[in-house]
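Note that ligands are numbered from 1 as they come in the structure, with each ligand's atoms numbered from 1 the same way.
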Amino acid sequence: MREQGRTTMEFDNSYAQDLQGLYVPWQGQPWPDPQLVLLNSDLARSLGLDLAFLKSDEGTAMLSGHALPEDARPLAQAYAGHQFGGFSPQLGDGRAILVGEVIDPRGKRWDLHLKGSGRTPFARGGDGRAVLGPVLREYLISEAMAALGVPTTRALAACTTGDRVLRQNGLEPGAVLARVASSHLRVGTFQFFAARGEVEKLRLLLDYTLARHDPDLVGTPDAALGLLERVAERQARLVAQWMGLGFIHGVMNTDNTTISGETIDYGPCAFMDRYDPATVFSSIDHSGRYSYANQPVIAQWNLARLAEALLPLIDPSESRAIARATKVMESMADMYRKAWLDVFARKLALPAPDAELIEALHKLWDGREVDFTSFFRALPAALKGDDAPVLHLFAKTDGVSDWLARWRAQIADPAQAITQIEAVNPLYIPRNHLVEEALQAASFDDDLSLFQTLLARVQEPYTPVLGMERYAAPALKEAPAVVTYCGT
Ligand code: AMP
Ligand code: MG
C-alpha cells in the first residue's frame with residue numbers, strides 16, 4: 001500500500017478470521033459510473049493511505065464498492081438489536097460491507113466500511129442503497145463531531161454511483177459513503193449470539209472485543225464485567241458530550257450503540273437550535289423516546305441490554321451475574337452525572353463543577369426559545385460588562401441577569417475564561433437550515449459549493465471567519481421545523 005507505483009490497497013481481516021458466524025462474505029455492487037465526489041485527505045493521510053491510489057479509478061472503484069482489491073475479504077456483518085424498544089434477533093448490514101481493516105502508522109486498527117454498497121442477505125425489505133443527500137449529511141455531521149472532539153466514526157469519502165434511486169422526494173443520485181471506525185462492534189453484536197444462546201461464540205466475541213478496545217483486560221478474571229464497565233464509562237461520557245452540544249442522535253437503538261463509545265449512524269440526527277428538552281427531529285419518533293433529554297436514560301437502557309447479553313460470561317451463577325451487572329448499571333448514572341457536570345463546567349469556564357448553578361441555567365433556558373449554541377458564545381460579552389447579547393437570546397429575561405451575576409462571581413480571571421469559552425464552545429455547527437440548503441443544492445442542482453463552504457466552517461468550529469456570520473446565526477423563527485428520516 002505504501003510502495004511507490006502500487007495501485008491497490010492491503011487490508012487486515014481480523015474480523016473475518018476470528019468471528020465466524022457473525023458475517024457473510026459479501027461484495028459491493030458494480031455501478032454504472034462510479035465517481036469520487038469527496039475525499040477526506042487529512043483523514044487518509046493520518047491513516048497512512050496512499051492519496052494517489054484513492055484518487056485513481058481503482059481507488060474510486062474501491063471506495064464505492066464497485067470493485068474491491070482481489071485479496072480483500074469483504075463481508076456483511078450480522079447483529080441483532082432493540083429498535084425503539086422492540087427486539088430483532090437478526091438485523092445486520094442490509095446495505096453496507098466491511099471492506100477490511102487498515103493499520104495506521106501508529107499501529108492502530110481501523111475498519112473501512114461502505115454504506116450504500118448494495119443489497120446484502122440482511123437487507124430484508126430494503127433496497128440496499130443510499131442517496132447523495134444522506135451520504136453528504138453523514139459526511140458533514142460526522143466531520144463536525146470529530147472537529148468538536150466527540151468520539152465518532154469518520155467519513156473517508158463519498159462517491160456517486162451514476163444511477164438514480166427512488167426516495168420520498170423522487171429520484172435522487174445513488175451514492176456510497178466510505179467510513180472509518182475503530183470498530184463496528186455494537187451492543188447488538190453481543191445480542192446476536194446471546195439471543196441464540198451461543199455462549200462459546202459470545203466468549204470468542206468478548207476476547208476479540210477486548211483485544212481491540214480494552215487490551216489491558218485480556219486474560220483478567222472479571223473481563224466481561226470489566227468490559228461492561230468500560231462501555232458504561234464510554235457511553236456516559238459520549239452522551240454527556242452530545243448534551244453539551246445540543247446533539248440529538250435520533251435513533252439510539254442497541255444496534256447503533258458502539259462498544260468503542262464512538263457515535264455511529266448519522267441518519268436522523270440533528271443539532272437542537274432553540275433549547276427544548278423534548279426536542280425530536282425523527283419522523284418516526286412519535287413518543288419522543290430519543291428526545292434530547294431522554295438520551296442519558298436511553299444510554300443506560302442500552303447498557304442494560306449489553307449487561308443481559310454478557311450475563312453468562314459475568315458469572316456462572318445467574319443470580320450472582322445479575323447482582324454484579326446491576327451494580328455496574330447503577331454506577332452508570334453517577335458516571336453520566338459527573339461527565340455531564342464536567343462538560344457544562346468546561347463550557348462555562350467554571351473552576352469546578354457547580355451542580356446548582358448548572359441546573360439553574362437549564363431551568364432558565366426552559367421555555368424561553370434560547371438558541372443553545374449562541375448562548376455560550378454570548379458569554380464573553382457578559383464577562384466584559386455587557387449582558388445585552390445574552391439577554392437578547394431569551395424570549396423572557398427574568399432571572400437571567402441574576403444568574404449571570406452568580407456565574408461571574410465564580411470567574412477569577414475573566415480574560416482566561418473568555419479564551420476557554422471560545423476554545424470549547426463552537427461558533428459553527430451544522431445548523432439544520434444550512435444543512436438542508438446545502439444538501440438540496442448538491443442533490444438536485446449538482447452544486448456542491450454550499451456544502452463545501454459549510455463543511456469548511458464546521459471543520460474549524462471555534463474560529464470566526466469574516467463574512468461567514470450567516471453560518472453562525474440561528475434560523476429565522478418562522479423557518480419550517482426540520483424532519484429527519486431513518487434508512488435514507
Ligand atoms: P439504521 O436504523 O439506519 O441503523 O438501520 C437499521 C437496519 O436497517 C440496519 O440493519 C440497516 O443495514 C438496515 N437498512 C437501512 N436502510 C436500508 C436500505 N435502504 N436497504 C437495506 N437495509 C437497510
Ligand atoms: Mg445502524
Side-chain angles (χ1 to χ4, degrees), residues 22-24 26-29 31 65 74-99 111 113-139 141-142 152-153 155 161 163-169 171-179 181 183-192 195 235 238 248-260 262-270 280-286 289-290 298-299 302 305 483-488:
L22 261 183
Y23 64 88
V24 287
W26 203 254
Q27 292 282 337
Q29 181 175 323
W31 304 119
L75 57 88
Q77 294 180 321
Y79 47 85
H82 277 89
Q83 301 184 302
F84 287 89
F87 186 61
S88 297
Q90 169 92 63
L91 291 168
D93 291 334
R95 52 164 170 173
I97 51 173
L98 175 67
V99 182
D111 280 2
H113 196 252
L114 306 179
K115 185 162 168 179
S117 51
R119 294 191 85 233
T120 78
F122 305 118
R124 297 173 292 163
D127 61 4
R129 303 299 308 278
V131 293
L132 187 59
V135 162
L136 294 180
R137 196 164 202 286
E138 173 154 349
Y139 194 116
I141 300 187
S142 60
T152 178
T153 64
T161 56
D163 64 358
R164 292 190 166 253
V165 178
L166 192 60
R167 287 292 183 262
Q168 277 108 333
N169 299 326
L171 288 171
E172 299 187 33
V176 178
L177 177 76
R179 77 179 177 198
S183 87
H184 283 78
L185 298 165
R186 310 142 192 267
V187 169
T189 316
F190 283 85
Q191 289 181 295
F192 182 82
Q235 287 290 334
L238 178 67
I248 300 169
H249 182 280
V251 61
M252 289 175 71
N253 295 333
T254 58
D255 54 302
N256 293 335
T257 302
T258 56
I259 298 298
S260 65
E262 287 169 358
T263 314
I264 195 170
D265 273 2
Y266 293 87
C269 67
V280 162
F281 294 103
S282 169
S283 64
I284 57 170
D285 192 357
H286 305 296
R289 180 181 172 90
Y290 298 141
I298 293 293
N302 289 344
R305 305 291 78 76
V483 178
T484 60
Y485 300 93
C486 295
T488 44

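Taking any N or O of Arg95, backbone or side chain, at least one lies under 3.5 Å from an N or O belonging to ligand 1. Where the criterion is an N or O separation shorter than 3.5 Å, residue side chain and backbone included, Val251 fails it with respect to ligand 1. Considering backbone and side-chain N/O of Asp93, none are found under 3.5 Å from N/O of ligand 1. Residue-to-ligand polar distances keep Leu91 apart from ligand 1: every N/O pair is separated by 3.5 Å or more. Ligand 1 has an N or O atom lying under 3.5 Å from an N or O atom of Gly128, backbone or side chain. Between Arg124 and ligand 1, at least one pair of N/O atoms sits closer than 3.5 Å.
Considering only non-hydrogen atoms, atom 10 (O) of ligand 1 lies nearest to Gly92 out of Gly94, Gly92, Ala78, Ala80.
The contact set between ligand 1 and Tyr79, taken as ligand atoms under 4.0 Å from a residue heavy atom, comprises 9 (C), 10 (O). Ligand 1 places these atoms under 4.0 Å from at least one heavy atom of Gln83: 6 (C).
Among protein heavy atoms, atom 3 (O) of ligand 1 sits closest to Gly487 N, 4.1 Å. Among protein heavy atoms, the minimum distance from atom 19 (N) of ligand 1 is reached at Asp127 OD1, 3.0 Å.
The two residues Ile97 and Gln27 make their nearest non-hydrogen contact at CD1-C, 4.1 Å. Residues Ala130 and Lys115 share a closest heavy-atom pair of CB-O, 4.2 Å.
With 3.5 Å as the limit, one finds a donor-acceptor pair spanning the side chains of Thr152 and Tyr266.
Judged by distance alone, with hydrogens and angles left aside, the side-chain atoms of Asn302 form no donor-acceptor pair with the main-chain N or O of Val187 at under 3.5 Å. A distance-only check finds a donor-acceptor pair linking the side chain of Asp285 to the backbone of Arg289 [under 3.5 Å]. Distance alone, capped at 3.5 Å, places no donor-acceptor pair between the Asp111 side chain and the Ser183 backbone. Side chain of Arg119 to main chain of Arg129: no donor-acceptor pair is present (N/O by atom type, distance under 3.5 Å, no hydrogens or angles). The closest donor-acceptor contact from the side chain of Asn256 to the backbone of Val251 lies under 3.5 Å.
In this structure Arg95 satisfies the side chain to side chain donor-acceptor pair (under 3.5 Å) test with no other residue, sequence neighbours excluded.
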Is there a side-chain hydrogen bond (donor to acceptor under 3.5 Å, both in side chains) between Gln191 and Thr254? Walk through the geometry before answering. CA-CA 9 Å; Gln191 289 181 295; Thr254 58; 2.6 Å; yes
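Under 4.0 angstrom from ligand 1, the non-hydrogen atoms of Asn256 all belong to its side chain.
Within 4.0 Å of atom 8 (O) of ligand 1, at least one protein heavy atom is present.
Using a 4.0 Å cut-off between charged side-chain N and carboxylate O, Asp255 and Arg305 make no salt bridge.
Ring geometry for His113 against His184 counts as parallel: the plane angle stays under 30°, on a 0 to 90° scale with 60° as the upper cut.
Neighbouring protein atoms of the Mg ion (ligand 2) (N, O or S, distance under 2.8 Å, waters ignored): Asn256 OD1, Asp265 OD2.
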